[in-house]
Amino acid sequence: MDQKQGRVSPFLLFSLGTSVFAMHFGTSSMIWPMTWGKQSGDTYLLAFAGVFCTAVGLVYLAYISLTHSGKSLYQMAAVVSGGFADAYSLIIILVMGPLFCIPRMAAAVWDAFQQVSGLSFSTFLPALLFSSLYCFITYRFISSENDVLSKISKWLVPFLLLAVTFVLVKGVLYPTGAQLPKEYPQTPFAYGFKSGYASGEVICALLYGDVVIRSLNKITTSERKQRYLYIVCAIGLLLLTITHFCHMYIGSFTGHYQELSYARLYAQVVIDLWGPVGGVIFTIALTFAALTAAVGISSSTSILTVELSRGKLSYKKTARFILAITAIVASLKLDAIVRFIGPLLDIIYPATIVLVVYFALSKNVGNKLSLVWSLRFSVVVALLAGIVEGLVVYGNTLNETAGWHLNVQPIADFLARIPLAEQGVFWFVPVLVAALVGALAGWRVQRVQASA
């Protein structure tokens with residue numbers, strides 16, 4: 001880098017971009033796309049088009065919202081209200097951090113290791129030792145909050161890219177079966193759109209954005225920083241697009257594995273492609289993918305916690321606490337916690353997308369009363385929509401796990417009749433109406449204040 005001019009070399013930008021890719025790839029994108037392809041069969045191209053819109057396009061819009069607004073995730077939420085920002089941030093910290101996402105990654109790696117090695121244990125102590133080591137390694141990567149991305153690109157990305165390349169190249173050249181008809185009733189584009197939407201990558205982008213910005217702050221102070229952020233994120237999401245497409249293509253030939261999906265499907269494909277060594281390749285790829293995502297999420301949730309505490313908590317102490325809880329949860333495999341905590345992300349996801357759209361399209365959301373009111377009305381309706389959908393999910397969960405008899409089907413049927421429900425965004429039309437009403441109300445208040 002030219003320190004005087006503040007320029008960053010193309011190689012360094014590409015290196016940081018691969019880190020952005022690796023963090024998203026490790027969160028969920030390694031496992032899901034192959035199953036999307038399997039279920040889409042010979043219509044995988046149309047399904048991929050839908051996935052691209054929500055799992056890539058919407059994610060890039062999230063990065064744009066951070067750069068365009070110059071605000072952090074917490075600051076964007078605070079434009080709605082301080083109370084909303086506090087509650088919203090706390091949910092993200094708990095769900096993305098120690099109670100769901102990071103433990104789920106650690107547990108997945110441990111399960112893969114046991115499957116490949118053939119080992120099994122009757123106590124939780126080996127799992128606790130493994131998860132503790134996993135979290136210790138993660139902490140070593142995030143101990144310096146401004147150097148996370150460079151460490152990922154230097155140590156984790158090369159191994160991840162090598163392992164994934166082995167899978168993709170041979171999988172594309174030598175399909176494992178034939179393409180069968182799609183397995184779902186809706187249109188392929190609608191299926192892909194909803195699947196990409198459900199991946200939750202937009203929240204990850206808003207978290208990872210802080211990590212990217214801090215890394216860029218360390219290597220440049222120039223006015224080009226915003227442009228560099230766009231480039232880094234574009235590189236990362238371009239690589240994510242390529243891997244999504246290749247995994248869906250490979251998965252489209254796996255319809256004969258009727259009972260397999262997600263991690264089990266991925267593992268079987270790798271074993272078919274590479275024989276006994278395939279299990280090792282899969283474990284290596286999964287380990288580095290999960291570790292990369294854990295590094296990104298634990299660092300970003302620690303940063304968000306410090307901001308939520310108004311600086312009362314330190315970054316390092318927060319990171320250690322989050323990873324300590326993570327190690328315990330991952331080793332115990334608390335399925336009940338996972339089932340009840342995970343849907344919280346779905347509840348706040350519509351409101352998250354509303355925040356992204358507003359701040360991506362306008363730099364003056366917090367300065368214009370009409371935009372502020374429009375945002376507040378939209379977020380409230382989006383949050384209510386998420387809560388209603390969450391009631392259906394939690395009702396079905398309680399019926400299955402606790403033997404309750406909650407009749408949530410009428411609510412589900414009502415939601416299904418709302419426009420765009422097939423695409424998974426039934427809340428869009430009500431939010432659009434709320435945005436218009438809020439803008440008019442804000443404009444009216446502004447007129448009254450101006451004439452007073």
Side-chain angles (χ1 to χ4, degrees), residues 61-99 145 200 202-211 213-214 297 299-315 317-319 321-322 341 344-388 390 427 430-431 434-435 437-446 448-449:
L61 197 65
Y63 283 115
I64 291 176
S65 70
L66 291 171
T67 56
H68 204 194
S69 67
K71 298 179 182 294
S72 66
L73 172 59
Y74 181 84
Q75 291 169 340
M76 288 195 294
V79 174
V80 178
S81 75
F84 171 77
D86 290 344
Y88 174 79
S89 299
L90 183 61
I91 290 174
I92 287 181
I93 290 166
L94 293 176
V95 180
M96 297 298 293
L99 294 185
E145 60 185 297
V202 171
I203 293 177
C204 293
L206 293 173
L207 289 173
Y208 295 155
D210 278 338
V211 176
I213 291 170
R214 287 172 181 264
I297 292 177
S299 177
S300 55
T301 51
S302 298
I303 292 171
L304 183 58
T305 303
V306 172
E307 192 171 9
L308 177 61
S309 70
R310 278 58 165 186
K312 294 179 181 178
L313 299 175
S314 71
Y315 171 83
K317 288 183 179 179
T318 299
F321 178 77
I322 287 176
I341 291 294
L344 288 176
L345 284 181
D346 297 329
I347 290 175
I348 65 172
Y349 202 48
T352 301
I353 294 176
V354 170
L355 286 173
V356 164
V357 171
Y358 270 84
F359 284 97
L361 298 181
S362 175
K363 292 182 178 181
N364 302 311
V365 175
N367 300 327
K368 292 185 178 180
L369 198 59
S370 59
L371 282 177
V372 171
W373 278 59
S374 181
L375 172 64
R376 288 172 177 170
F377 274 54
S378 300
V379 166
V380 168
V381 171
L383 189 60
L384 288 175
I387 291 172
V388 171
W427 50 266
V431 164
V437 172
L440 290 174
W443 175 79
R444 177 62 179 169
V445 170
Q446 190 172 357
V448 172
Q449 290 179 349

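This chain uses plain numbering: 1 for the first residue, then up along the sequence. Predicted model, so just to flag it, every value in this text is computed and none were measured.
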Go through the steps for Val356 and Ile64 under the test side-chain contact (heavy atoms from CB on, under 4.5 Å), then give the verdict.
CA-CA 8 Å; Val356 164; Ile64 291 176; over 6 Å; no
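- Side chains of Ser65 and Leu206 form a contact here, defined as non-hydrogen atoms less than 4.5 Å apart.
- Pairs engaging residues 70-91 under the ring pair (Phe, Tyr, Trp, His ring centres under 6.0 Å) rule: Phe84-Tyr88 [sequence neighbours left out].
- Contact check for Leu383 versus Val354: no side-chain heavy atoms found under the 4.5 Å cut-off.
- Once rounded to the nearest 0.5 Å, the distance linking OG of Ser89 with CG of Leu94 reads 11.0 Å.
- Leu384 is listed as a side-chain neighbour of Val380, based on a closest heavy-atom distance under 4.5 Å.
- How far CG of Leu90 is from CG of Leu308: 6.5 Å, rounded to the nearest 0.5 Å.
- Using a 4.5 Å heavy-atom cutoff, the side chains of Phe321 and Leu313 are not in contact.
- For the atom pair Ile353 CD1 and Leu61 CG, the distance stands at 9.5 Å (nearest 0.5 Å).
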Please step through side chain to side chain donor-acceptor pair (under 3.5 Å) for the pair Ser374 and Tyr358, ending with a clear verdict.
CA-CA 9 Å; Ser374 181; Tyr358 270 84; 2.5 Å; yes
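- Not counting sequence neighbours, Phe377 has no partner by the ring pair (Phe, Tyr, Trp, His ring centres under 6.0 Å) test.
- Of all heavy-atom pairs spanning Val306 and Ser309, the tightest one is O-OG, 2.9 Å.
- Here Leu371 contributes atom CG and Ser378 contributes atom OG; the two are 10.0 Å apart, rounded to the nearest 0.5 Å.
- When all heavy atoms are compared, the tightest approach of Val95 to Leu345 is CG1-CG, 3.2 Å.
- For the pair Ile322/Ser302, a side-chain contact is recorded, criterion being any heavy-atom separation below 4.5 Å from C-beta on.
- When side chains are defined from C-beta on, Thr67 does not count as touching Tyr63, because their heavy atoms never get closer than 4.5 Å.
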Intermediate values then yes/no, side-chain contact (heavy atoms from CB on, under 4.5 Å), Ile303 and Arg214:
CA-CA 10 Å; Ile303 292 171; Arg214 287 172 181 264; 3.3 Å; yes
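- Counting only heavy atoms from C-beta outward, the side chains of Lys368 and Gln446 never approach each other to under 4.5 Å.
- With rounding to the nearest 0.5 Å, the separation of CE in Met96 from CD1 in Ile297 is 4.0 Å.
- Heavy atoms only, all atoms of each residue included: Trp373 and Gly438 are closest at CB-O, 3.2 Å.
- The side chain to side chain contact (heavy atoms under 4.5 Å, CB included) test with Thr352 singles out one residue from Val202, Val357, Leu73, and that residue is Val202.
- Remark: Arg376 engages no residue in a salt bridge (charged side-chain N to carboxylate O under 4.0 Å, His left out) (not counting sequence neighbours).
- Annotation: side chain of Met76 is in contact with side chain of Leu66 (closest heavy-atom distance under 4.5 Å).
- For Ser314, the side-chain contact (heavy atoms from CB on, under 4.5 Å) partners two or more places apart in sequence, or in a different chain, are Lys317.
- Remark: Asp86 pairs with Arg310 by the salt bridge (charged side-chain N to carboxylate O under 4.0 Å, His left out) rule, at least two apart or across chains.
- Interatomic distance, Ile203 CD1 to Ser300 OG, rounded to the nearest 0.5 Å: 11.5 Å.
- Between Glu307 and Ser72, the closest heavy-atom pair is OE2-OG, 2.7 Å.
- The salt bridge (Lys or Arg N to Asp or Glu O under 4.0 Å) analysis of residues 350-362, with sequence neighbours excluded, yields no pairs.
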